[in-house]
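First up is the structure itself, then whatever we jot down about it.
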Amino acid sequence: MKNKDKNAVAYWKENVRYLYILLSIWFAVSYGAGILFKDFLNQFSIGGFKLGFWFAQQGSIYVFVILIFVYVRLMNKLDKKYGYDE
Amino acid sequence: MDAQILTYIIVGATFALYIGIAIWSRAGSTKDFYVAGGGVGPIANGMATAADWMSAASFISMAGIIAFMGYDGATFLMGWTGGYVLLALLLAPYLRKFGKFTVPDFIGDRYYSKTARIVAVFCALIVSFTYIAGQMRGVGVVFSRFLEVEINTGVYIGMVIVLFYAVLGGMKGITYTQVAQYCVLIFAFMVPAIFISIQLTGNPIPMLGMGDTLVDQPDIYLLDKLDGISQELGFSKYTDGSKNMLDVIAITLALMVGTAGLPHVIVRFFTVKRVKDARKSAGFALLFIAILYITAPAVSVFSKVNLIDTVSEKPYEDMPDWFTNWESLGLIGWIDKNGDGKIQYLGPDRNGGVAIDGKTPDFADGVGKSGERIVTNPSTNENELYVDNDIMVMANPEIADLPNWVIALVAAGCLAAALSTAAGLLLVISSSVSHDLIKKIINPKISDKGELIAARLSATAAVVIAGYFGINPPGFVAAVVALAFGLAAASFFPAIVLGIFYKKMNKEGAVTGMITGVTLMLFYMLKFKFDLFGGGGEDDWWFGISPEGFGSIAMLANFIVSLVVCQVTKETPQDVQEIVENIRIPSGAGEATGH
């Protein structure tokens, strides 16, 4: 029982660490690049897009989708590592 | 073939498909009815979630609204997609592991309290009803525009269809219909977008075309052209926006967190088999939603450029057919304020603004000098043109000269979007009543069969009430949708997140937090949207935050109150803490809960 608990705690810790990392990226692309630093980033452009505007209306959404699939992969691996996969 | 007949054929065919699916997949048990038997695959569930999520407003209005807001439209784009990241990472897997039917189920069990459950049911009902009223109206409006029936007749037709497959099929029925509806709506959205992108930029991918150069001026980027003409006409630069930054952040946050807290979205993740599938289907849901959400801003840019090119400083007599068609439906209005027979479309920097006094133009009989419909409520500024947001998507096929079947397709897509969302909401309402109220509070001894009957009856009642709101729309539908997000953000999100991530969170904290959040949100909304409690204008907003963005403040208040109250009240019982430990682990490994 003790071991089982330890296992669960370690699993949860790693999970929460992933969340911190992924949510930081989530925050950085949307609130950071898309809003707070938009004017600064607008000096640069990719194709016809000013960079800040691109993040706000396009880029952040691409990153959101990628983030979830990265999370899915990370968690599947983590589940296996701790023997929680089904 | 005539657009009208084609529309009847295509819309009729899609309806037959939906009803066929509903009959094939009808629900036999409450588990089927509430969570589709818990056996939906992640990709199908992702599509169904996407259809459920994207309403008539996303489909028709959003691109148009963004076209008029420019950069500020990003609040919707990021807000309504970024919430899925929160949902996938913070809520969906754990709620799936918890393994019950509804959101109030979770709140009630996690906070071991009937009060918490009742507060949650109450919130779920207000959120869903405010949202569904807009949807039924949307169904009616779409019918009336594309099939030329009365709006009310449209609402009745919509009621019958939704009633049929939501009541018969429950979650199982609507899930599989929504998969079909997603395919219809995304196809209908993409086809005109692709054609217009090719026409303007030569690029067949709209989201790239938006950042491409123009076909007729190969050294000028489309967005630069739009920035230029916007400024020339006295609007702010398209890529700059005009809201203050704090408000942009607040609105985006409120929409994101609201999305993650909407019961009809959360409940989708109860329908999959394993925790793993819940994560994956959140990913697929966002992928399918993102296709529309990254195309919409491109459509906004294309249609804004097309609109300005077509109307600005051009004589009214030279306007194309679509212009006068939408004018005759009252969605375009023109007042020749300076009497030159040409259309001036001007923004605030050139003494322009809203062309009319009020929300929509009032028309008088007869025509003006150039043959235009007479508008009786012009404003005093120099802008002469009123354009309804919705035209941007609906008139696209006509503006781009696309064949009639595309117009019919857009009608079918629009109806798919409105019906799928309405059905999803109905289900939340019916399960709130039959499961959370009747089974869990009023009569726990009810049999599965009895509960299923109760679920179907409450779905029927909900359709009737929603239909009533559709026919007699409260004048505040637009305002209440913002309220729905604000309320979801202020009530459910903190309670669920704390319930999972903070083991010691107790019922006193959660209940006072939810009540604080909801009360604050309702107060702010009533004060600034409905002029109660002394009312007030933009200058009186707290910290310059609009009612649309206030959900984020109310949510923070909920978090703070919950945490403070939790510190000074009784500790969470041991067995509840064990439930929390158990839901944190995806497999059966933590099943020792009951010992």
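All chains are named by letter (A, B, ...) in the order of the sequence lines, taking the proteins before the strands, and each is independently numbered beginning at 1.
Here A:Gln57 contributes atom CD and B:Leu77 contributes atom CG; the two are 5.5 Å apart, rounded to the nearest 0.5 Å. Between the CG atom in B:Leu222 and the CZ atom in A:Phe49 there is a gap of 9.0 Å [rounded to 0.5 Å]. Note: A:Leu51 CG to B:Thr239 OG1 = 12.0 Å, rounded to the nearest 0.5 Å. Between atom NZ of residue B:Lys280 and atom CE of residue A:Met75 there is a gap of 15.0 Å, rounded to the nearest 0.5 Å.
Using a 4.5 Å cut-off between heavy atoms, A:Tyr31 contacts chain B through its side chain alone, with no backbone atom that close. Residue contact with chain A, scored on non-hydrogen atoms closer than 4.5 Å, is absent for B:Lys243. Both the backbone and the side chain of B:Leu253 have a heavy atom closer than 4.5 Å to some heavy atom of chain A. With a threshold of 4.5 angstrom between heavy atoms, B:Met210 approaches chain A through its backbone and through its side chain. Residue contact with chain A, scored on non-hydrogen atoms closer than 4.5 Å, involves the backbone and the side chain of B:Tyr84 alike.
Heavy atoms only, all atoms of each residue included: A:Tyr71 and B:Pro93 are closest at OH-CG, 3.7 Å. Among all heavy-atom pairs drawn from A:Gly48 and B:Leu223, the shortest one is O-CD1, 3.6 Å. In terms of heavy atoms, A:Ile35 sits closest to B:Met245 at O-CE, 3.4 Å. Scanning all heavy atoms of the two residues, the minimum distance from B:Met78 to A:Phe55 falls at SD-O, 4.4 Å. Summarising the geometry of B:Asp240 relative to A:Lys38, their closest heavy-atom pair is O-NZ, 2.9 Å, with the distance given to 0.1 Å.
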Next on the checklist: Using side-chain contact (heavy atoms from CB on, under 4.5 Å), reason through B:Tyr221 and A:Lys50 one step at a time and then give a plain yes or no.
Outcome noted: CA-CA 11 Å; B:Tyr221 283 115; A:Lys50 289 183 192 152; over 6 Å; no

Next on the checklist: For A:Val9 and B:Glu581: C-alpha separation, side-chain torsions, deciding distance, then whether side-chain contact (heavy atoms from CB on, under 4.5 Å) applies.
Outcome noted: CA-CA 9 Å; A:Val9 170; B:Glu581 276 167 24; over 6 Å; no

Checklist entry - B:Tyr71 and A:Trp54: ring-ring contact (aromatic ring centres under 6.0 Å, His included), yes or no, with the steps? => result CA-CA 10 Å; B:Tyr71 163 81; A:Trp54 182 79; over 10 Å; no

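For the options B:Thr75, B:Ile249, B:Val248, heavy-atom pairs under 4.5 Å to chain A are most numerous at B:Ile249. Note: A:Leu36 leads A:Leu67, A:Asp39, A:Leu36, A:Val16 in heavy-atom pairs under 4.5 Å with chain B. With chain B as partner, the option from A:Ile68, A:Asn42, A:Ile46, A:Leu19 having the largest number of non-hydrogen pairs under 4.5 angstrom is A:Ile68. When each of B:Ile66, B:Leu286, B:Asp212 is checked for heavy-atom pairs under 4.5 Å with chain A, B:Leu286 comes out on top. Note on B:Val275, B:Leu90, B:Thr252: by heavy-atom pairs under 4.5 Å with chain A, the leading option is B:Thr252. The most heavy-atom pairs under 4.5 Å with chain B, out of A:Val72, A:Val65, A:Ile61, come from A:Ile61. For the set B:Gly73, B:Gly70, B:Ala74, the count of heavy-atom pairs under 4.5 angstrom toward chain A peaks at B:Ala74. Contact tally against chain B (heavy-atom pairs below 4.5 Å) for A:Gly34, A:Ser30, A:Ala56, A:Gly52: the top residue is A:Ala56.
Judged by distance alone, the side chain of A:Trp26 and the main-chain N or O of B:Gly82 form a donor-acceptor pair under 3.5 Å.
Within residues 289-298 of chain B, the residues approaching chain A closer than 4.5 Å by heavy atoms are, in numerical order, B:Ala290, B:Tyr293, B:Ile294, B:Pro297.
With salt bridges taken as basic N to acidic carboxylate O contacts below 4.0 Å, one links B:Arg279 and A:Asp79.
Using bins of under 30°, 30° to 60° and over 60° for the plane-to-plane angle, the ring pair A:Phe69/B:Phe284 lands in the perpendicular bin.
A heavy-atom distance below 4.5 Å is found between the side chains of B:Met256 and A:Phe64.
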